[in-house]
Colleague: 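Next up is a structure, given as structure tokens.
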2 protein chains.
Amino acid sequence: MDWQQVQCFLAVAERGTLAAAASHLGMSQPTLGRHINALEASLGLALFIRSRKGMALTEAGLSIVDDARGMRDEADRIALKAAGSAQSVSGSIRITASDIVSTYVLPPIIAALGIAEPDIEVELVPSNTLENLLRRDADIAVRMVRPMQNDVIARKTNEMGMGIYAHEHYLARRGEPANMEEFFRHRLIGMDRSNLIIDGMHDFGIAAERNMFSVRTDDQVAYWELIKAGAGIGFAAHFLANGAPGLRRILPDITIRALPVWLASHRELRTSQRIRRVMDFLHEHISALPLKQGMPEHDTVEH
Amino acid sequence: MDWQQVQCFLAVAERGTLAAAASHLGMSQPTLGRHINALEASLGLALFIRSRKGMALTEAGLSIVDDARGMRDEADRIALKAAGSAQSVSGSIRITASDIVSTYVLPPIIAALGIAEPDIEVELVPSNTLENLLRRDADIAVRMVRPMQNDVIARKTNEMGMGIYAHEHYLARRGEPANMEEFFRHRLIGMDRSNLIIDGMHDFGIAAERNMFSVRTDDQVAYWELIKAGAGIGFAAHFLANGAPGLRRILPDITIRALPVWLASHRELRTSQRIRRVMDFLHEHISALPLKQGMPEHDTVEH
DNA sequence: TAATTGTAATTCAAATTTGAATTGAGGGAT
DNA sequence: ATCCCTCAATTCAAATTTGAATTACAATTA
């Protein structure tokens, strides 16, 4: 039995179609299909039922998919150890962060990193899902919640103060709410499927519901652009609002819980010179940012 | 990372030389050497120290050899399960067949199967609709028409000869028809919504219509019981009539097209030892049945 | 010292694998 | 009812991989 074929099997089992699994593995659909055929031949049983809707696991396939996942866990551990013991400072590194952080916080810092460490290539992966550091989806994650995974080391690096904001254009048309009651009669910008804002308001004892929000998007960057465009009132980080002309803070007496900024990496990667260097660099620069309170300028990264 | 290369790594780590590991893996020494090189390149570290005495693990190699063994354990488990589910004939199996076949043909055969293969549980699904083998409604279907679905393998197993029959009690009351004209003046038993009989007569150039039949039912078993009870004249398989006392064949010169008996299964299930075993068993026993012509006894299943 | 043995690396023609393009077929939308 | 989209399968030329033979090298043996 060829282990590569098991790797192929798992990819197809988890993605459901040959084409999707092939592009994930970086091979072509015919090749992957042949590997699956070869595995079935060598095991002497059918693992998938081929249909026009994709590849569905048979009973036999279902019974071995967990073992294949076990193999992947071990393989991931090997990859992790290898990355950890690679002592070279040069090479590439994958950083994942939320859309907002990827778009508005990290670019100047990564630019500075490129000057300080020209040999390190950086891959930035904007993602709002919590990437699995155990699986090495990324080497370093910047997160707004405390990472709880085992074998993950994390350090809190800063806090991002939040406030309620709207653009002057909007306020000129609709007036500015003076209290919470008026606030709820405005056009509020919310999230669609994500419960981030609704849950945050619940924590505050406010029974928020999805239909309170007149404008909804799950894309955090689009959310911020909606506020800037005067589409309504929304929640935003102070540092964003400070750098945007025409933005006005609403109900400044309402304090909103600040979001923590955590840096996380896998324990095995501590020993990597390169990852340690980037971790330290990110920590140094993110902690120096004035994220907590409103200030006239937020781009304080020195070159 | 290519899992096949990990497989190679483990073989070399445990055998100490490329040549020994290569012959164990069934590949050549140069190929194996190249795989090891590729793995080292992709991990970015040296796993072996090459010497004239063989391949000695480096510290990095040593640190991942246990994880590679873990992968092998999982791989072995997969191979074991595969061998088990391919060889094992135990488990349950779903057989679908028409009412008549389920009621009067299969029971003795399934009883014999239970003796020959005590570990196979059989689920019998009487159904006159053509079950969808692709959807795994059943593992094996016994059908009276040639299965045309794609991905279905089928073999013709026997032919079921048909005739026109009535019970002596009925004939004593109404007399026996001597030709087709008289036949149509009798109480005929037909089907209600199903066109099985009407279409069959059309094939013979007889313009049959639903209201020619004085007694109608779509239940094939009830149909047969109606004939046995002397409710009228109807069509029945020879083998049924042969085993029923008091039944008399009508117009024996009229030949009615025999119904083929097909065994069908999904192509993906070819590889299942259990299903193959049951397929073969059914084929063997159904083909041995004297279904084509009338004979005094039809229960010829040997135990 | 010279021959022998066992090792990994190299060479190069042959076999195999690969993938872009195409085909074919089913399901869903219009 | 029709078209369209998305699958897997097929085709075939091109790229890659493979392995028999050979080389190179060091340790061991005669």
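Numbers restart at 1 for each chain; the letters A, B, ... are given by sequence-line order, proteins then strands. Below, each value reflects all heavy atoms present in this structure, side chains not excepted, and no hydrogens, waters or symmetry copies.
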Colleague: Nearest whole Å is fine: how far is C:dA9 P from B:I36 CD1?
Modeller: 10 Å
Colleague: Over how many whole Å does the gap from B:R15 atom CZ to C:dT7 atom P extend?
Modeller: 14 Å
Colleague: Can you tell me if A:T58 uses its side chain to pair, donor with acceptor, with the backbone of A:L47 under 3.5 Å?
Modeller: yes
Colleague: Quick one, give me the B/S/- string for nucleotides 20-30 of chain D, reading 5' to 3', where B means a protein heavy atom under 4.0 Å from the base and S means that only happens at the primed atoms, P, OP1 or OP2.
Modeller: BB----S----
Colleague: With a 4.5 Å limit on heavy-atom distance, are the side chains of B:K156 and B:V261 in contact?
Modeller: no
Colleague: Within the 4.0 Å heavy-atom criterion, would you say B:G54 contacts the bases, only the backbone, or no part of the nucleic acid?
Modeller: sugar-phosphate
Colleague: Do B:L18 and B:R50 make a side-chain contact, defined as non-hydrogen atoms from C-beta onward lying under 4.5 Å apart?
Modeller: no
Colleague: Compare side-chain N and O positions of A:T31 against OP1 and OP2 of C:dG19 and report whether any pair is under 4.0 Å apart.
Modeller: yes
Colleague: Is any NZ, NE, NH1 or NH2 atom of the basic residue among A:R274 and A:E117 found under 4.0 Å from an Asp or Glu carboxylate oxygen of the other?
Modeller: no
Colleague: Expressed as a whole number of angstroms, how long is the span from A:L32:CG to D:dT10:P?
Modeller: 15 Å
Colleague: Within this structure, what is the CZ-to-P distance between B:R50 and C:dT10, rounded to whole angstrom?
Modeller: 11 Å
Colleague: Decide yes or no for A:M191 and A:Q220: does some side-chain heavy atom of the first lie under 4.5 Å from some side-chain heavy atom of the second?
Modeller: yes
Colleague: Expressed as a whole number of angstroms, how long is the span from B:N37:CG to D:dT17:P?
Modeller: 13 Å
Colleague: Nearest whole Å is fine: how far is C:dG6 P from B:M55 CE?
Modeller: 19 Å
Colleague: Report yes if a side-chain nitrogen or oxygen of B:H35 is closer than 4.0 Å to either non-bridging phosphate oxygen (OP1 or OP2) of D:dT18; otherwise report no.
Modeller: yes
Colleague: Tell me: CD1 of B:I49 to C1' of C:dA8, nearest whole Å?
Modeller: 15 Å
Colleague: State, yes or no, whether a side-chain contact exists between A:I36 and A:M55 at a heavy-atom distance under 4.5 Å.
Modeller: yes
Colleague: From CE of A:M27 over to P of C:dT16, roughly how many Å is that when rounded to an integer?
Modeller: 19 Å
Colleague: Should B:D280 and B:R277 count as an ion pair when the cut-off is N to O under 4.0 Å?
Modeller: no
